[in-house]
J.: 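Sharing a structure below in structure tokens format, with a few things to ask.
Excluded from the calculations below are hydrogen atoms, water molecules and symmetry mates; all remaining heavy atoms, backbone and side chain alike, are included. One is the number of the first residue; the rest follow in order along the sequence.
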Amino acid sequence: MAIPGNHDWCFRLPEDCKTHWLITEGTIIDGVKFWGNPYVPLISGNWSFESSPEHMASIFEYMPDDVDVLLNHAPPYRCMDLTREGDRAGCKNVVEAIYQKRPRKMICGHIHQGRYESTTSRMRLGSTDVYNAAMYGPDWKPIIITL
């Protein structure tokens with residue numbers, strides 16, 4: 001299972017690949033409910049999956065209330081979203097969705113350097129553990145999350 005992001009204009013996988021793209025939809029694996037969203041706030045209008053705040057809000061209306069893990073390309077606003085330039089580039093709609101839907105875990109990327117706002121690449125937002133799993137820097141290591 002995977003979600004595409006703003007650099008992914010073409011995201012086809014080989015037919016024998018068992019990965020399923022989650023594009024504003026969910027799946028259940030071993031009883032764990034996942035829901036994925038590739039959309040990010042507007043950047044310049046030239047990237048894949050850019051979205052207006054109104055569209056972002058409508059996307060999360062489709063997210064079920066009982067999701068265990070939210071896979072969202074954009075991080076929540078002010079939560080591991082600090083850019084190299086010192087700007088906050090997260091999404092306020094993601095913050096609202098987390099507080100309304102209360103997933104146990106949320107995994108994001110998009111703002112690669114935002115991963116290092118926390119030494120564990122994890123922060124807490126309400127009752128949700130938020131992980132920035134973006135690949136960045138020479139010391140990048142994958143994040144292992146236990147559900």
J.: A side-chain contact here means heavy atoms from C-beta on lying under 4.5 Å apart; do Asn72 and Ile107 qualify?
T.: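 No, too far: nothing below the 4.5 Å cut-off.
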
J.: May I have all residue pairs that pass salt bridge (Lys or Arg N to Asp or Glu O under 4.0 Å) and include part of residues 85-94, sequence neighbours excluded?
T.: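 Only Asp81-Arg88, Arg88-Glu117 qualify under salt bridge (Lys or Arg N to Asp or Glu O under 4.0 Å).
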
J.: Determine yes or no for a side-chain-to-main-chain donor-acceptor pair under 3.5 angstrom, with Thr24 supplying the side chain and Ile59 the backbone.
T.: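 Not a single qualifying donor-acceptor pair exists.
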
J.: Quick check on the 6.0 Å ring-centre criterion: do His73 and Tyr39 meet it?
T.: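 No - the distance between ring centres of His73 and Tyr39 does not fall below the 6.0 Å cut-off.
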
J.: Please tell me if the side chains of Pro75 and His110 come closer than 4.5 Å, counting only heavy atoms from C-beta onward.
T.: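 The answer is yes; the side chains approach within 4.5 Å.
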
J.: From Asn132 CG over to Ser121 OG, what is the distance, rounded to the nearest 0.5 angstrom?
T.: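 That separation rounds to 6.5 Å.
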
J.: For residues Lys105 and Leu147, determine if any side-chain heavy atom of one lies less than 4.5 Å from a side-chain heavy atom of the other.
T.: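 Contact flag for Lys105/Leu147 side chains = yes.
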
J.: Assess whether atom CZ of Arg104 is packed by more than 12 heavy atoms of other residues, nucleotides or ligands within 6.0 Å.
T.: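 Correct, the count exceeds 12.
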
J.: Which pair of heavy atoms, one from Leu82 and one from Ile111, lies closest together, and at what distance?
T.: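 Answer, listing the atom of Leu82 first, then Ile111: O-CG2, 3.6 Å.
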
J.: With rounding to the nearest 0.5 angstrom, report the CE to OH distance, Met123 to Tyr131.
T.: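 Separation between the atoms: 13.0 Å.
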
J.: Please find the pair of heavy atoms, one from Pro41 and one from Ala74, that lie closest to each other, and give the distance.
T.: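 Minimum heavy-atom separation between Pro41 and Ala74: CD-CB, 3.9 Å.
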
J.: Please enumerate all residues that pass side-chain hydrogen bond (donor to acceptor under 3.5 Å, both in side chains) together with Ser52, with sequence neighbours excluded.
T.: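 For Ser52, the residues satisfying side-chain hydrogen bond (donor to acceptor under 3.5 Å, both in side chains) (neighbours in sequence not counted) are Glu54.
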
J.: For the atom pair CG (Asn93) and NE2 (His55), what is the distance rounded to the nearest 0.5 Å?
T.: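 Reported to 0.5 Å precision, the distance equals 10.5 Å.
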
J.: Just do the side-chain contact (heavy atoms from CB on, under 4.5 Å) check on Thr27 and Leu22 with the steps written out, would you?
T.: CA-CA 8 Å; Thr27 192; Leu22 296 180; 4.1 Å; yes

J.: State the SG-CD1 distance between Cys79 and Ile98, to the nearest 0.5 angstrom.
T.: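 So the SG of Cys79 and the CD1 of Ile98 are separated by 7.0 Å.
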
J.: Rounded to the nearest 0.5 Å, how far apart are CG of Asn37 and CG of Leu71?
T.: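 If I round to the nearest 0.5 Å, the distance is 10.0 Å.
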
J.: Side-chain donor-acceptor pairs under 3.5 Å in residues 60-68, sequence neighbours left out?
T.:
residue: Asp65; atom: OD1; partner: Lys101; partner atom: NZ; Å: 3.2
residue: Asp66; atom: OD2; partner: Lys33; partner atom: NZ; Å: 2.4
residue: Asp68; atom: OD2; partner: Lys33; partner atom: N; Å: 2.8

J.: Have a look at Val130 and tell me which of Arg122, Arg124, Met80 forms a side chain to side chain contact (heavy atoms under 4.5 Å, CB included) with it.
T.: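 The residue from Arg122, Arg124, Met80 that satisfies side chain to side chain contact (heavy atoms under 4.5 Å, CB included) with Val130 turns out to be Met80.
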
J.: Treating Asp129 as the side-chain partner and Met106 as the backbone partner, does any N or O pair qualify as donor plus acceptor under 3.5 Å?
T.: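 No, the answer is negative, given that no donor and acceptor are paired below the 3.5 Å cut-off.
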
J.: Would you indicate whether the side-chain heavy atoms of Ile29 and Phe34 approach each other to under 4.5 Å?
T.: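 A side-chain contact exists here, since the closest heavy-atom pair is under 4.5 Å.
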
J.: Can you see which heavy atom on Gly26 is nearest to which on Trp35, and at what distance?
T.: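 Heavy atoms only, the tightest pair is N-CD1, 3.6 Å.
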
J.: Let me check something: do Ile23 and Met56 share a hydrophobic cluster, defined by ILVMFWY side-chain heavy atoms less than 4.5 Å apart, either directly or through other members?
T.: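 Same hydrophobic cluster.
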
